[in-house]
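Report on the following structure.
Residue numbers run from 1 in the order of the sequence given. Numbering of ligands and ligand atoms starts at 1, following listing order. Keep in mind that this is a model prediction, so the values were computed, not measured.
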Amino acid sequence: MTVGIGIVGAGFMSRTYAYGIRELVRGARCVAVTGGSRAPALAADFGLVLEPSLDAMLARDDVDVVLLGSPTQVHHEQTLAAARTGRHVFTEKPIAATLPEIDAMIRATREARVLLWVNAVSRWRRGVRMAKELVDSGEIGEIRMVRHTYAFPATGYADPDHWSNQPGAGSPFLDQGAHCNDLIRWSVGADAVTAYARYANYTQTVPDGQSAMIPTPSRTG
Ligand SMILES: NC(=O)c1ccc[n+]([C@@H]2O[C@H](COP(=O)([O-])OP(=O)(O)OC[C@H]3O[C@@H](n4cnc5c(N)ncnc54)[C@H](OP(=O)(O)O)[C@@H]3O)[C@@H](O)[C@H]2O)c1
């Protein structure tokens, strides 16, 4: 059986998926794309059907999985729509910007008995995998503190009109912090008890949300 994938959004990540699935994945293929001004070009470049809307994509009988490469603020509603039609969902991180939205996405996909998966791309980086191997082998010993340093060339994200700076997207901090949080929890195999973070922007333009203080109460008191 070949799993049919419908891509939502046609930007950086959607194009990365279209290429990666075509070149590397056996047993699955991208069949259609919808969403965004770049969708016609993505469809043409990868031989996909260009659908005018998510509803039109969900009406297809060759789409088993909906792959969300769309802006974070629409992951919630698009996941609910996909679940309503019995489609599995693979979404980009962050899954959504608020816990109520995330809970609703988990509930909807569970009730529909479909899978919901969030991309965890950073787990495939070589240095990260080496660190996890050291943790898993016991070479490091008991983990009491993790320091994760992360730098991101926020070229498009520095534009105040970029989707990541719009209401509902969370913030650029959420957008990139999702990687850090995932890596810490995955490499150590535990949730944080206490967290402290510093976050800085080194570009000339500083839209809202590009600086943050993260006070997290200690669960040990
Ligand atoms: N895992 C990673 O390393 C990684 C890296 C980058 C981004 N991401 C995540 O991936 C998602 C997309 O980011 P990106 O960098 O690919 O952004 P992007 O390049 O701006 O692509 C977003 C695409 O979605 C389209 N779009 C806008 N509103 C839409 C809607 N309501 N429904 C469907 N499509 C819509 C855009 O249309 P236009 O073509 O008209 O702009 C664009 O084609 C975000 O959640 C982001 O956090 C993850």
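- Neither the backbone nor the side chain of L54 comes within 4.0 Å of ligand 1, counting heavy atoms alone.
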Could you go through L68 and V89, starting from their C-alpha distance and side-chain angles, then the distance that decides it, and tell me whether this counts as side-chain contact (heavy atoms from CB on, under 4.5 Å)? CA-CA 7 Å; L68 301 181; V89 178; 4.0 Å; yes
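- Of all atoms in ligand 1, numbered sequentially from 1 with element shown, those under 4.0 Å from a heavy atom of P94 are 47 (O).
- No side-chain heavy atom of R22 sits under 4.5 Å from any side-chain heavy atom of R29.
- Residue K93 places at least one N or O, backbone or side chain, under 3.5 Å from an N or O of ligand 1.
- In this model, no donor atom of one side chain and acceptor atom of the other lie less than 3.5 Å apart for D45 and Y19.
- Taking 4.5 Å as the limit, every side-chain heavy atom of I95 sits out of range of all side-chain heavy atoms of E101.
- Distance from atom 45 (O) of ligand 1 to its nearest protein heavy atom, with residue and atom name: T72 OG1, 3.0 Å.
- Remark: minimum distance from atom 20 (O) of ligand 1 to any protein heavy atom is reached at W163 NE1, 3.0 Å.
- Residues that satisfy the side chain to side chain donor-acceptor pair (under 3.5 Å) test with R185, not counting sequence neighbours, are D191.
- The closest heavy-atom contact to atom 18 (P) of ligand 1, among the options R15, M13, R38, comes from R38.
- Using a cutoff of 4.0 Å between basic side-chain nitrogens and carboxylate oxygens, R87 and D64 are not scored as salt-bridged.
- For atom 43 (O) of ligand 1, the closest non-hydrogen atom of the protein is A10 N, 2.9 Å.
- Scanning the protein heavy atoms around atom 11 (C) of ligand 1, the nearest turns out to be S70 O, 3.3 Å.
- When all heavy atoms are compared, the tightest approach of G6 to V63 is N-CG1, 3.8 Å.
- Of the protein's non-hydrogen atoms, G36 CA, 3.1 Å is the one closest to atom 37 (O) of ligand 1.
- Looking at atom 30 (C) of ligand 1, its nearest protein heavy atom turns out to be Q78 NE2, 3.8 Å.
- Heavy-atom contacts of H75 reach the following atoms of ligand 1: 45 (O) (cutoff under 4.0 Å).
- A salt bridge does not link R113 with E111: none of the charged nitrogens is closer than 4.0 Å to a carboxylate oxygen.
- Nearest non-hydrogen protein atom to atom 29 (C) of ligand 1 is P71 CD, 3.8 Å.
- Nearest non-hydrogen protein atom to atom 10 (O) of ligand 1 is E92 CG, 3.1 Å.
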